[in-house]
Amino acid sequence: MPIIINGHDVAAPADPRVSLLDLLRERLDLTGTKKGCNQGACGACTVLIDGQRKLSCLSLAVQCDGHDITTIEAISEVDSLHPLQAAFIETDGFQCGYCTPGQIMSGIALRGEMQRGAPSHVTPRLEDVPEASNEEIRERMSGNICRCGANNGIIEAISSYVRGTL
Ligand code: FES
Ligand code: FES
């Protein structure tokens, strides 16, 4: 079975050690997905696998056989940004920009998780639909590290996107 990457069938690499991240960046030239730590600590490599956010550095490409992968390249057109991309611009949610694709892919999945009512560590009551408070968004984005000064803008952009106000 092929891997479906941004709607295209891609054969899994013969070498089972190739990570999904290296398949994307080094073999398919999909360099929007970034390699930060390459060990699951920074979130820069976040993509969607069947709509769920996953770290592509910790996913073997062969494990993705038959699954749908979405990368930052597929969320918008040149002349029409994804609403979360527009929100990042609106709030100055980036400085280096290297972590931004992972932040955006994570933010897109995060909204789905909250709409489904999935609780986080800081959700006050498990039976409630979580609110898009800054505390809630910070907790849910804690796997995506920004090491410069853009974190407040990132949280503001994602909060606005989740609340549908931008
Ligand atoms: S590159 Fe994958 S988590 Fe840092
Ligand atoms: S914007 Fe990339 S580390 Fe802060």
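Each ligand, and each atom within it, is numbered from 1 in the order the structure gives. We're numbering straight along the sequence, starting at 1.
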What count do you get for protein N, O or S atoms closer to atom 2 (Fe) of ligand 2 than 2.8 Å?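 For atom 2 (Fe) of ligand 2, protein nitrogen, oxygen or sulfur atoms under 2.8 Å: 2.
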Over all heavy atoms of both residues, which pair between Gln85 and Ile104 is shortest? Give the atoms and the distance, please.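 Taking Gln85 first and Ile104 second, the nearest heavy atoms are CG-CD1, 3.8 Å.
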Applying the side-chain contact (heavy atoms from CB on, under 4.5 Å) test to Asp65, which of Leu60, Ile3, Val10 qualifies?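 Result: among Leu60, Ile3, Val10, Ile3 is the only option passing the side-chain contact (heavy atoms from CB on, under 4.5 Å) with Asp65.
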Are His82 and Tyr161 near enough that their ring centres are under 6.0 Å apart?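 Yes, ring centres under 6.0 Å apart.
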Check: [Y] main-chain N/O paired with [X] side-chain donor or acceptor under 3.5 Å:
| X | Y | value |
| --- | --- | --- |
| Ser106 | Gln103 | no |
| Asp68 | Asp50 | no |
| Thr91 | Gly153 | yes |

Restricting to under 2.8 Å, identify the protein N, O or S atoms around atom 2 (Fe) of ligand 1 as residue plus atom.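 Under 2.8 Å from atom 2 (Fe) of ligand 1 - ignoring waters, which are not counted - the protein N, O or S atoms are Cys45 SG, Cys57 SG.
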Does the side chain of Ser133 come under 3.5 Å of the side chain of Glu135 through a donor N or O and an acceptor N or O?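 No, no side-chain donor-acceptor pair sits under 3.5 Å.
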Donor-acceptor pair between Arg53 and Asn144 side chains, under 3.5 angstrom: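 No, because no side-chain N or O of Arg53 sits under 3.5 Å from a partner of the opposite role on Asn144.
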According to a 4.5 Å side-chain heavy-atom criterion applied to Ile, Leu, Val, Met, Phe, Trp and Tyr, with indirect links allowed, do Leu20 and Leu48 form part of one hydrophobic cluster?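 No, Leu20 does not connect to Leu48 through the hydrophobic network.
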